[in-house]
Amino acid sequence: MKRIVKMRVMFLFAVVFILLVNSCLFYGLNDNIIIAEFSCSFSDAANIVVNGNYLIVGNPADPFLGPDSGFVILDVADPLSVEVAGTYYPPEDVTIIDIESRGNYVYCTTEDLFCIIDISQAAKPVLKGSIKLHNNADMDPLYSGSTDLVLGEADMAFSGFYNLTDTEASCILFAIDCSDVENPVIVSETPVANNSHYGSIEIEGMTVYIATDDNITIFDISDPTAPKQIGKIQQLDTSIPLGLFAVANSVLYVPNWTGNGKVSIIDGGKGSDFSVSAELNDGYLNSMTVYNGILYITGGGSPFVPSIKVYNLTDPLNPVKIRLSGDIDEAIPDFALNENYMYLVTSESVFICTRPGK
């Protein structure tokens, strides 16, 4: 009798263990705990950054969509009670291309301007200073404009800028000193590549990575007045501009736009000897970043494509998938992260989720 009872107890423990393991696997790979959804004040929202208790949502990231642009400041101190703290519309009907935020300021690029906006009073954002990013009167481009923006150390900002003419396209890396917020100063203009007109940028410490049509060029910015090229990675497929990648510990995660939906992992710390170390078979994506040793990828827009994919980067060259989620069936063009939450922007909503992998 004791043996039967013991066997039953062991059986119950086994069942409980299996249920716990299954629930943990399900939690780790399939769920996405959405805390709140907030309808944006703008349609076609495209940029999102978090700064303390504020979430700044801008639109759109396409200069051809017209001048109806700006950003909204959301107070997300209480994720269950999100409130609009303020809004900002740039002067002269210009379109905001990219936004970043630090301290009391929002930094943004427009078609040809770099601007600094004071948000210390969120209800009344004030433009403090701006500078034109292109003053070449000899050039009559079909189109010119700034692209992505990143913030560096010591009040420095870096932005890409491209010109498209009848005969060529070129890309420039601008380094901007923001120590005087009312008078930002361009301290260097570095040619990146000819016949290339994009400028997606990532920064890690004193290294800037800028992607153009056919490569990722790597610069040492320890002296921002004279960035030094230290490497170049050829894109896997040059048929479509490369505008999206992430970097952590000198390892780059680069989408392969050949249509196979893979992300190439490249060790960027090998000087000029670059090669694909591995690939992630992770479908199509809209945005990606690394936060606290975890790679986050968003896609969406299809019930067959998980909207959030999360990888542990304990071994940067061999990411381990820890989560998938398909709860949001809309495309997610951008997202932001802090220690506790993941903020996802779609065309008309902001979703607040617990941060996967926390």
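All of these numbers come straight from a predicted model, not from anything done at the bench. Numbers for residues simply follow the sequence, beginning at 1.
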(request) Evaluate the side-chain proximity of Asn340 to Thr354: yes if any heavy-atom separation is below 4.5 Å, no if none is. (result) no
(request) Determine whether more than 12 heavy atoms belonging to other residues, nucleotides or ligands lie under 6.0 Å from atom CD of Gln121. (result) no
(request) Check whether any side-chain heavy atom of Leu149 lies under 4.5 Å from a side-chain heavy atom of Ile99, and answer yes or no. (result) no
(message) Just to verify, which of Thr217, Ile172, Ile216 counts as forming a side chain to side chain contact (heavy atoms under 4.5 Å, CB included) with Val192?
(response) Thr217
(request) For Val106 and Phe71, run side chain to side chain contact (heavy atoms under 4.5 Å, CB included): C-alpha distance rounded to whole Å, both residues' side-chain angles, the deciding distance at 0.1 Å, then the answer. (result) CA-CA 10 Å; Val106 167; Phe71 61 78; 3.9 Å; yes
(message) Are Tyr107 and Val49 packed together at the side-chain level, in the sense that at least one heavy-atom pair is separated by less than 4.5 angstrom?
(response) no
(message) Would you say that Ile73 contacts Pro125 through its side chain, given a criterion of any heavy-atom pair below 4.5 Å between the two side chains?
(response) yes
(message) Let me confirm one number: the CD1-NZ distance from Ile117 to Lys128, rounded to the nearest 0.5 Å.
(response) 11.5 Å
(request) Look up atom CE in Met206 and atom CD in Glu153, then write down how far apart they are to the nearest 0.5 Å. (result) 4.0 Å
(message) Could you check whether any side-chain heavy atom of Ile119 comes within less than 4.5 Å of a side-chain heavy atom of Ser101, counting everything from C-beta outward?
(response) yes
(message) Does any part of the side chain of Asn47, heavy atoms only, come nearer than 4.5 Å to the side chain of Val57, both counted from C-beta?
(response) no
(message) Between Arg355 and Glu339 (side chain of the first, backbone of the second, donor and acceptor by atom type, cut-off under 3.5 Å), is there such a pair?
(response) yes
(request) Fit a plane to each ring of Phe245 and Tyr209, take the angle between them on a 0 to 90° scale, and name the class: parallel (under 30°), tilted (30 to 60°) or perpendicular (over 60°). (result) perpendicular
(request) Would you check if Cys353 and Leu344 make a side-chain contact, meaning some heavy-atom pair closer than 4.5 Å? (result) yes
(message) Before you tell me yes or no, could you show the steps for Ser159 and Leu133 under side chain to side chain contact (heavy atoms under 4.5 Å, CB included), namely the whole-Å CA-CA distance, both residues' side-chain angles and the distance that decides it to 0.1 Å?
(response) CA-CA 9 Å; Ser159 176; Leu133 290 180; 4.1 Å; yes
(request) Would you indicate whether the side-chain heavy atoms of Phe158 and Ile221 approach each other to under 4.5 Å? (result) yes
